[in-house]
Amino acid sequence: MFESLTTEANQILKTLYGIKDVFVDFEPPKDRTHGDLATSVALRIAKNVGQSPRDIAVRLSDGLSTSTSIEKVEVAGAGYVNIWLKPDALLSELKQTSEACVSQKTRKEDPVIIEFSQPNIAKPLAIHHIIGTVLGQALVNLYRHSGYPVVSWNYIGDWGTQFGKLAVAYEKWGKKKPVSKYSLDELLELYVQFHNEAEKDDTLEDLGRETFLALEKGDEKLRAFWEDVVTVTKSSLADIYKRLHVSFDLDMGESFYEDKMQPVLDEGKKKKVFVEGKEGALIVEFAEEKNMPPYLVLKGDGATLYSTRDIAQMRYRIDTYHPQEILICTDIAQQLHFQQLVETCTMLSWKLPSFENVLFGRMRFVDRSMSTRKGNVLELEHVIDEAVKRAHDIIKERGESIQTDAPEELGEMMGVSSLVYGILSQNRKMDMVFDWDKMLSFEGNSAPYLQYTHARAKSVLRKAGGEQHTCPKQIPSLAPTERGLVSSLLMFSKAIEDARSEHMPHKLANYLYQLCQDFNMFYNTESILQAEGEPRQLRLFLTSLTATVLKSGAELLTLRVPDRM
Ligand code: ARG
């Protein structure tokens, strides 16, 4: 952004101090009264140059004051340079905002593997699954938008002792119908029943384990049972993913690595990374300074574990995809597991691509009745239905003030987006607060506010009789709310880049919220449709660019925005 100005500033510093390769970092200041752009370069180079930052800033601003694109320049604080641009210079930068609304062509380079959602089979998705699911999809969208080839991966939990338990429960208490006719809720019931019975009867746990071992050894009946369970679960998951605008390139889960663990176990033993632990188990012991407990990779009875599959999974992904980066989204509880995993791979002398366990916090409910629900889990599907129902209620309540020719669709869009935005607008590293009122509010940092603002912009454009508006050539001055809106619009590509590179979609959400506020301020202050000539053209241009940015930004976050509302 602002390339010519950056070049100019670089040149000035070069001439003044003879330093090559300085990089002047122009950024919009947090406080808008400090101008359109600011730089702290004087503070950065002061030591090198041997002058006070303030002196450098003054000389830089003197140099810049003759620039054709600058209206006013000021030195502030210890050595900041604040710049106000001429309207034309500012508006011409909006070209890159329009460009940022369109996805870049996919580059020919190694892919980024993004793994997310990863539910365990035979259980319905629970409310907390939504966090990793929409976080991961947002990252996929952001990476793809920026031209990265992405492999999105749902590593489902379709292997492990829980299948032994489920098979036992089915055998003992199952209704006399084939598994394929079971609903997920019924399967969950069986699983819960197993745990209840196991509290009274401690032979059950062992039986479950043995049954899983038999499944691992290839017992045909168990295998068929397992396949049916996987099919039932996947088809029920598909419906929810569709409503959330989530999809995957691959869904090979833990079972896929069944035959890929032995070579890895052999390698680990040979390299003496996997050593014998208690009762014939295999473990990895880490150097003391790593401060991590041993990592169990094979049980004494020869059964493999979650960890064993993850080691095999790493090997497989590296060999098959040569990824430049692997991201695995999980909640914070898995942090140690992934630290141990990465360290184990390093000890095996594997060359790892850049790796991040994209962590997220737990969910906290403002509504007590949600957190204190005993027994069965809060199912995601029920929560989505509830959100949509609440959205419908609001639409009815608001009556005439909501214009729509498709209330059904609008309710679904509003309900689902409220839930998703409620999550993606929060810093993933913190606990997520689940608050119905906040999520569905029309005023605050919420999906309805964003959707409403988009629809408002669209409505202006409809009334103006066209959607496409170009920037006028000559603009002598900008009103404060116009300038505010332009500054906001200019930040779009940075918001995308920050959200993507830091794996923090809330940065994009918060950006969109700011843009909505700036647009509404502008909308409430300036007349758009009553204006004439260039001001009208400018305002319509800003309105249509705002609508495009809101839609494109919302879709990156898996949301949908209506044209009417
Ligand atoms: N299915 C696991 C769970 O629900 C999460 C899987 C995370 N990914 C991985 N590669 N281990 O706890």
Side-chain angles (χ1 to χ4, degrees), residues 111-137 139-140 150-163 165-166 184 187-188 191 195 212 226 229-230 233-234 236-237 240-241 246 248-258 260-261 264 284 292 295-298 304-321 323 325-345 350 352-363 377-380 428 503:
V112 178
I113 294 180
I114 305 184
E115 188 210 289
F116 62 104
S117 198
Q118 318 110 312
N120 293 330
I121 290 290
K123 291 181 194 170
L125 287 182
I127 177 62
H128 65 268
H129 280 114
I130 196 176
I131 308 177
T133 302
V134 298
L135 169 68
Q137 185 64 51
L139 293 178
V140 169
V150 172
V151 177
S152 71
W153 201 315
N154 193 3
Y155 180 74
I156 52 180
D158 59 356
W159 206 238
T161 0
Q162 73 266 30
F163 284 98
K165 296 177 185 173
L166 192 63
L184 266 195
L187 283 177
L188 180 67
Y191 196 69
H195 279 275
F212 177 59
W226 170 81
V229 174
V230 172
T233 316
K234 278 192 183 172
S236 134
L237 288 176
I240 299 188
Y241 286 143
V246 165
F248 301 92
D249 298 322
L250 303 173
D251 67 357
M252 287 104 91
E254 294 184 42
S255 67
F256 179 72
Y257 299 92
E258 220 191 326
K260 297 173 182 59
M261 288 182 279
V264 171
V284 182
M292 290 191 291
Y295 197 37
L296 183 62
V297 297
L298 193 72
T304 58
L305 298 115
Y306 182 58
S307 53
T308 331
R309 289 184 278 283
D310 256 339
I311 302 170
Q313 168 269 103
M314 276 284 202
R315 187 69 260 162
Y316 177 81
R317 286 179 183 170
I318 297 171
D319 292 343
T320 314
Y321 296 94
E325 192 173 12
I326 298 181
L327 304 179
I328 298 186
C329 306
T330 70
D331 95 22
I332 192 118
Q334 305 224 12
Q335 187 171 26
L336 175 64
H337 163 74
F338 283 104
Q339 285 165 346
Q340 291 171 315
L341 174 64
V342 168
E343 186 53 27
T344 299
C345 296
W350 293 356
L352 291 184
S354 137
F355 176 88
E356 188 178 325
N357 177 203
V358 180
L359 293 169
F360 51 85
R362 301 278 171 76
M363 200 173 254
V377 285
L378 205 48
E379 282 186 36
L380 178 55
R428 64 171 166 84
H503 311 137

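Atoms within a ligand are numbered from 1 in the order they appear, just like the ligands themselves.
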Q: Using heavy-atom distances only, which candidate in His128, Gln334, His337 approaches atom 12 (O) of ligand 1 most closely?
A: Gln334

Q: Measure the acute angle between the ring planes of Tyr316 and Trp153, then classify it against the limits of 30° and 60° as parallel, tilted or perpendicular.
A: perpendicular

Q: Quick one: look at Phe338 and ligand 1, take heavy-atom pairs under 4.0 Å, and tell me if it's side chain, backbone, both or neither.
A: side chain

Q: Could you tell me, atom by atom, which parts of ligand 1 come under 4.0 Å of a heavy atom of Asn120?
A: 1 (N), 2 (C), 3 (C), 4 (O)

Q: Evaluate ring pair (Phe, Tyr, Trp, His ring centres under 6.0 Å) for Phe256 paired with Trp159, printing each intermediate quantity in order.
A: CA-CA 9 Å; Phe256 179 72; Trp159 206 238; over 10 Å; no

Q: Classify the angle between the aromatic ring planes of Tyr241 and Phe248 as parallel (below 30°), tilted (30 to 60°) or perpendicular (above 60°).
A: perpendicular

Q: Between Val246 and Gln137, what is the shortest heavy-atom contact and its length?
A: CA-OE1, 3.5 Å

Q: Under a 3.5 Å distance rule, please check whether Thr308 uses its side chain to pair with a backbone N or O of Val297 as donor and acceptor.
A: yes

Q: Of all the heavy atoms in Arg309, does at least one lie under 4.0 Å from an atom in ligand 1?
A: no

Q: Under 4.0 Å from a heavy atom of Asp310: give me the atoms of ligand 1 that qualify, with their elements.
A: 9 (C), 10 (N), 11 (N)

Q: Show me which atoms of ligand 1 lie under 4.0 Å from any heavy atom of Glu115.
A: 7 (C), 8 (N), 9 (C), 10 (N)

Q: Going by the order shown, which atoms of ligand 1 are within less than 4.0 Å of some heavy atom of Tyr306?
A: 2 (C), 5 (C), 6 (C), 7 (C), 8 (N), 9 (C), 11 (N)

Q: Hey, is ligand 1 close enough to Thr330 that some N/O pair sits below 3.5 Å?
A: no

Q: Among Ser354, Pro111, Pro353, which residue meets the side-chain contact (heavy atoms from CB on, under 4.5 Å) test with Glu325?
A: Ser354

Q: So if I count the atoms of ligand 1 from 1 in the order they appear, which ones are less than 4.0 Å from some heavy atom of Gln313?
A: 10 (N)

Q: Can you check whether Lys260's main-chain N or O pairs, donor with acceptor, with Arg315's side chain at less than 3.5 Å?
A: no

Q: As an exercise, identify every atom of ligand 1 less than 4.0 angstrom from a heavy atom of Tyr155.
A: 8 (N), 9 (C), 10 (N), 11 (N)

